[in-house]
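Notes for the one structure printed next.
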Amino acid sequence: MDHEVRITLRLPADLHAWLVAEAKRARRSLNSEILHRLEAGRGDISADNASP
């Protein structure tokens, strides 16, 4: 990433809990898990378990 932007994101509590659990399962931080899923969703990476 050449430039990073900080944002505030509001999530429903159940979605947050699910993302936290998925991040823990994948041994990623919550931030890395969200980035991984966003990048996979736009086709930048394969949907495997590789960390961003």
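The figures that follow rest on heavy atoms only: side chains count, while hydrogens, waters and symmetry mates do not.
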Not counting sequence neighbours, list each pair that qualifies as a side chain to side chain donor-acceptor pair (under 3.5 Å) and has a residue in residues 5-21. none

Rounded to the nearest 0.5 angstrom, the OG-CD1 distance for S29 and I34 is 8.5 Å

Taking the side chain as every heavy atom from C-beta outward, state whether E22 and R37 have any pair of such atoms under 4.5 Å apart. yes

If you round to the nearest 0.5 Å, how far is CG of L11 from CG of L30? 8.0 Å

Path from L9 to L35 over hydrophobic side-chain contacts below 4.5 Å: no

